[in-house]
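The block underneath contains the structure these notes are about, expressed in structure tokens.
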Amino acid sequence: MKKILTIILCMIFIFTIVCFSANASQIQPTITVKDAVGTSGKNIDVQISIADNPGILAMAFCIGYDNTVLEYTGYTKGYLTNYNVMDHNDKGIVSFVSVEEKDISLNGTIITLEFKIKDTALLDEYPITILNNNPDRYGAELHNSFADSNEQFIVPIVKNGVVTVVDKIPTMTGDVNDDGAIDNKDYALLMQHLNGWSVQIVTENADVNGDGAIDNKDYALLMQYLNGWDVELK
């Protein structure tokens with residue numbers, strides 16, 4: 001009886017491991033391209049982030065953009081260590097490759113691409129899409145663009161974005177530099193302003209608590225907002 005019980009327990013243990021492994025392998029990360037808004041002649045940032053990251057060693061993909069409207073100007077690193085970024089303006093794609101020393105399961109910004117909206121851009125929406133690193137050969141799908149240290153491909157869910165070219169960016173509380181987004185650039189600019197630096201800010205956007213003054217209360221509230229606290233900008 002004791003022997004039979006031991007065998008049953010072992011079978012349950014093995015079954016549990018197999019089920020867990022199968023479920024783990026089914027986890028799909030989500031790659032999101034954040035929408036951006038800007039006016040002709042101005043610079044914009046396009047943030048690419050990951051969520052539900054199961055652990056990825058290597059990434060190799062392209063970011064497609066309309067090269068008649070946008071001019072690639074550079075990038076800002078995210079949470080990764082190794083970056084190999086190259087613009088192919090004639091094709092309207094930026095290629096991105098990263099190979100880490102081990103699986104990285106962090107969530108957050110992979111990379112932020114920087115573009116200038118051309119002076120000739122018409123008022124419209126222009127897609128920014130994630131493509132296979134070799135779209136001419138493999139098409140757009142990302143079936144071989146992400147892999148872990150076990151040489152297993154990870155196929156993500158993709159949420160592509162758009163760049164909207166507008167005549168004038170509407171004012172937005174917290175958007176201290178008036179670039180159409182509330183981010184760490186606004187936080188840094190407000191800090192510089194409060195410390196007496198000679199910087200340009202949009203004063204109506206910098207009064208984030210709506211008390212008629214721009215002070216450390218606004219700085220603290222904006223910091224909380226950017227860190228995901230349940231606070232409201234007035």
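Fair warning: this is a prediction, and the values are worked out from it, not measured in the lab.
- Using a distance-only test at 3.5 Å, with no hydrogens or angles considered, a donor-acceptor pair links the side chain of Asp186 to the main chain of Asn177.
- Through chains of ILVMFWY side-chain contacts below 4.5 Å, Ile93 is grouped with Leu131.
- Residues passing the salt bridge (charged side-chain N to carboxylate O under 4.0 Å, His left out) test with Asp45 are Lys185, sequence neighbours excluded.
- Panel note: side chain Thr173, backbone Asn205; no donor-acceptor pair is recorded below 3.5 Å.
- Residues forming a side chain to side chain contact (heavy atoms under 4.5 Å, CB included) with Ser105 (at least two apart in sequence, or on another chain): none.
- Side-chain atoms of Thr129 and Asn160 form no donor-acceptor pair, as typed in the model, at a separation below 3.5 Å.
- Applying the salt bridge (charged side-chain N to carboxylate O under 4.0 Å, His left out) rule to Lys91 yields the partners Asp136; only residues at least two apart in sequence or on another chain are considered.
- Side-chain N or O atoms of Glu100 include none that pairs as donor or acceptor with a backbone N or O of Leu80 at under 3.5 Å.
- With hydrogens and angles ignored, the 3.5 Å screen pairs a side-chain donor or acceptor of Lys118 with a backbone N or O of Asn67.
- The main-chain N or O of Val162 is found under 3.5 Å from a side-chain atom of Asp35 such that the two form a donor-acceptor pair.
- Annotation: side chain of Ile31 is not in contact with side chain of Leu142 (no heavy-atom distance under 4.5 Å).
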- Would Val69 and Val163 satisfy side-chain contact (heavy atoms from CB on, under 4.5 Å), going step by step from the backbone distance to the final call? CA-CA 10 Å; Val69 174; Val163 170; 5.9 Å; no
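- Below 30°, between 30° and 60°, or above 60°: for Tyr83 and Phe96 the angle between ring planes is between 30° and 60°, a tilted geometry.
- The salt bridge (Lys or Arg N to Asp or Glu O under 4.0 Å) pairs that include a residue from residues 148-168 number zero, where partners must be two or more places apart or lie in different chains.
- No donor-acceptor pair closer than 3.5 Å links the side chain of Asn132 to the backbone N or O of Ala140.
- Using modelled atom types, no side-chain atom of Asn150 and backbone atom of Gln152 make a donor-acceptor pair closer than 3.5 Å.
- Between the side chains of Gln47 and Thr112, no donor-acceptor pair of N or O atoms lies under 3.5 Å.
- A donor-acceptor pair under 3.5 Å is formed between the side chain of Asp175 and the backbone N or O of Asp179.
- Ile63 has its side chain within reach of Leu113: a pair of non-hydrogen atoms, C-beta onward, lies under 4.5 Å apart.
- Between Tyr72 and Phe115, the two ring planes are perpendicular [angle over 60°; tilted spans 30° to 60°].
- Residue Tyr187 belongs to a hydrophobic cluster whose other members are Met172, Val176, Ile182, Leu189, Leu190, Met191, Leu194, Trp197, Val199, Ile201, Val208, Ile214, Tyr219, Leu221, Leu222, Met223, Tyr225, Leu226, Trp229, Val231, Leu233, with links defined by side-chain heavy atoms closer than 4.5 Å.
- Asp52 and Asn107 are not linked by any side-chain donor-acceptor pair at a separation below 3.5 angstrom, with hydrogens and angles left out of the test.
- Within 6.0 Å of atom CD in Gln192, more than 12 heavy atoms from other residues, nucleotides or ligands are found, so the atom counts as buried in its surroundings.
- Proximity of Tyr126 to Val165: side-chain heavy atoms (C-beta onward) are separated by under 4.5 Å at one or more points.
- The closest side-chain heavy-atom distance from Val94 to Met86 is not below 4.5 Å.
- Ile50 places a side-chain heavy atom less than 4.5 Å from the side chain of Tyr79.
- Side-chain contact check for Lys34 versus Ser49: every heavy-atom pair is 4.5 Å or farther apart.
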